[in-house]
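The next block holds one structure in the form of structure tokens; read it before the comments.
Quick caveat: nothing in here was measured; it's all calculated off a predicted structure. Here, residue 1 is the first one in the sequence, and each next residue gets the next number. Below, each value reflects all heavy atoms present in this structure, side chains not excepted, and no hydrogens, waters or symmetry copies.
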Amino acid sequence: QLQLVESGGGLVQPGGSLRLSCAASGFSMDDYAVGWFRQVPGKEREGVSCITSGGGWTNYADSVKGRFTISRDNVRNTVYLQLNSLKPEDTAVYYCAADYKPYPALCSALTPEDEYDYWGQGTQVTVSS
């Protein structure tokens, strides 16, 4: 079964940090661009960041630029999202998704979610005092 599994979420105080992981099984992630999304209950899911299949290009939503960093380790078949300087408004369920791109291609945090082929079940990030 082809799956993505997120981990690393939790409760953190404002200004704190977390590192989220997105691990793939059943397929080779090195042929896929990967995006991170987040969703607050009752609101539309929004794109946060993305990274190309080769890892040479990244993109971020304006709300997280300078605070979040996406990276990937294709040997481990895992993509990471480092969350620094967290704010209460970052509280959400964070999802990763994989988009088949077995060639050099740019990605955007604004890429519609229906472009992605596989989704994880999400991991909760809560930023609160």
Side-chain angles (χ1 to χ4, degrees):
Q1 183 177 4
L2 283 63
Q3 291 185 317
L4 294 173
V5 178
E6 302 95 336
S7 62
L11 175 64
V12 64
Q13 294 185 342
S17 298
L18 289 171
R19 189 176 76 159
L20 308 183
S21 297
C22 173
S25 63
F27 67 98
S28 179
M29 193 179 278
D30 62 4
D31 286 335
Y32 291 78
V34 174
W36 283 95
F37 296 77
R38 65 187 183 185
Q39 188 169 32
V40 176
K43 295 186 178 180
E44 185 177 349
R45 185 156 54 189
E46 64 173 339
V48 174
S49 183
C50 68
I51 187 167
T52 54
S53 58
W57 167 269
T58 61
N59 190 244
Y60 300 89
D62 288 342
S63 60
V64 307
K65 285 181 180 177
R67 299 189 298 119
F68 293 5
T69 303
I70 190 170
S71 62
R72 68 188 303 154
D73 185 339
N74 285 343
V75 174
R76 296 180 183 272
N77 222 25
T78 302
V79 171
Y80 305 95
L81 186 68
Q82 180 69 42
L83 288 63
N84 295 328
S85 302
L86 283 163
K87 305 174 181 179
E89 53 262 44
D90 294 318
T91 296
V93 177
Y94 283 72
Y95 300 87
C96 66
D99 178 17
Y100 187 57
K101 290 286 188 295
Y103 47 81
L106 302 182
C107 70
S108 171
L110 299 178
T111 297
E113 61 183 58
D114 60 6
E115 295 292 325
Y116 288 86
D117 302 297
Y118 303 108
W119 288 82
Q121 295 300 306
T123 185
Q124 176 72 48
V125 172
T126 302
V127 185
S128 176
S129 298

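In this structure, the side chains of Val127 and Pro14 come closer than 4.5 Å at one or more pairs of heavy atoms. Counting heavy atoms from C-beta outward, Ser17 and Val12 have side chains that stay 4.5 Å or more apart. Side-chain contact between Phe68 and Leu86 is present, with at least one heavy-atom pair separated by less than 4.5 Å. Residues Phe27 and Tyr32 are in side-chain contact: their nearest non-hydrogen atoms beyond the backbone lie under 4.5 Å apart.
For the residue pair Ser53 / Asp31, no side-chain donor-acceptor distance below 3.5 Å is found, with atom types taken as modelled.
For residues 64-98, every residue pair satisfying the disulfide (SG to SG under 2.5 Å) rule, not counting sequence neighbours, is listed here: Cys22-Cys96. Identified under the disulfide (SG to SG under 2.5 Å) test for residues 98-129, with sequence neighbours left out: Cys50-Cys107.
Interatomic distance, Asn59 CG to Leu106 CG, rounded to the nearest 0.5 Å: 9.0 Å. Interatomic distance, CZ of Arg72 versus CG of Leu81, reported as 13.0 Å (0.5 Å rounding). The distance from atom OG1 of Thr91 to atom CD of Gln124, rounded to the nearest 0.5 Å, is 7.0 Å. A distance of 4.5 Å separates OH of Tyr116 from OG1 of Thr111, quoted to the nearest 0.5 Å. We find the CZ-CG distance between Arg19 and Leu83 to be 11.5 Å, quoted to the nearest 0.5 Å.
One hydrophobic cluster holds both Leu18 and Trp36 under the rule that ILVMFWY side chains link at heavy-atom gaps under 4.5 Å. Residue Tyr95 is not grouped with residue Leu20 when hydrophobic side chains (ILVMFWY) are merged at heavy-atom distances under 4.5 angstrom, including chains of intermediate members.
Closest heavy-atom contact between Met29 and Leu4: CE-CD2, 3.6 Å. Closest approach of Ala109 and Ala61 over heavy atoms only: CB-N, 3.7 Å. Counting all heavy atoms, side chain and backbone alike, Ile51 lies closest to Thr58 at CG1-CG2, 3.7 Å.
Crowding of Glu44 atom CD: a count of heavy atoms from other residues, nucleotides or ligands under 6.0 Å not exceeding 12. Counting heavy-atom neighbours within 6.0 Å of Gln3 CD, excluding the residue itself, gives a total above 12.
The side chain to side chain contact (heavy atoms under 4.5 Å, CB included) test applied to Ala92 returns Arg38, Val40, Tyr94, not counting sequence neighbours.
Results of the side-chain contact (heavy atoms from CB on, under 4.5 Å) test with Tyr118 over Val34, Asp99, Leu2 single out Leu2 as the only residue that passes.
Using modelled atom types, one side-chain atom of Glu6 and one backbone atom of Gly122 make a donor-acceptor pair closer than 3.5 Å. A donor-acceptor pair is defined here as one N or O able to donate and one able to accept, closer than 3.5 Å; such a pair exists between the side chain of Thr52 and the backbone of Trp57.
Aromatic pair Phe37/Trp119: centroids less than 6.0 angstrom apart.
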For this session: Report the C-alpha separation of Lys87 and Asp90 in whole Å, then their side-chain angles, then the decisive distance to 0.1 Å, and conclude whether the salt bridge (charged side-chain N to carboxylate O under 4.0 Å, His left out) test is met.
Result: CA-CA 5 Å; Lys87 305 174 181 179; Asp90 294 318; over 6 Å; no

Problem set entry | Stepwise side-chain contact (heavy atoms from CB on, under 4.5 Å) test for Tyr60 and Arg67 | CA-CA 10 Å; Tyr60 300 89; Arg67 299 189 298 119; over 6 Å; no

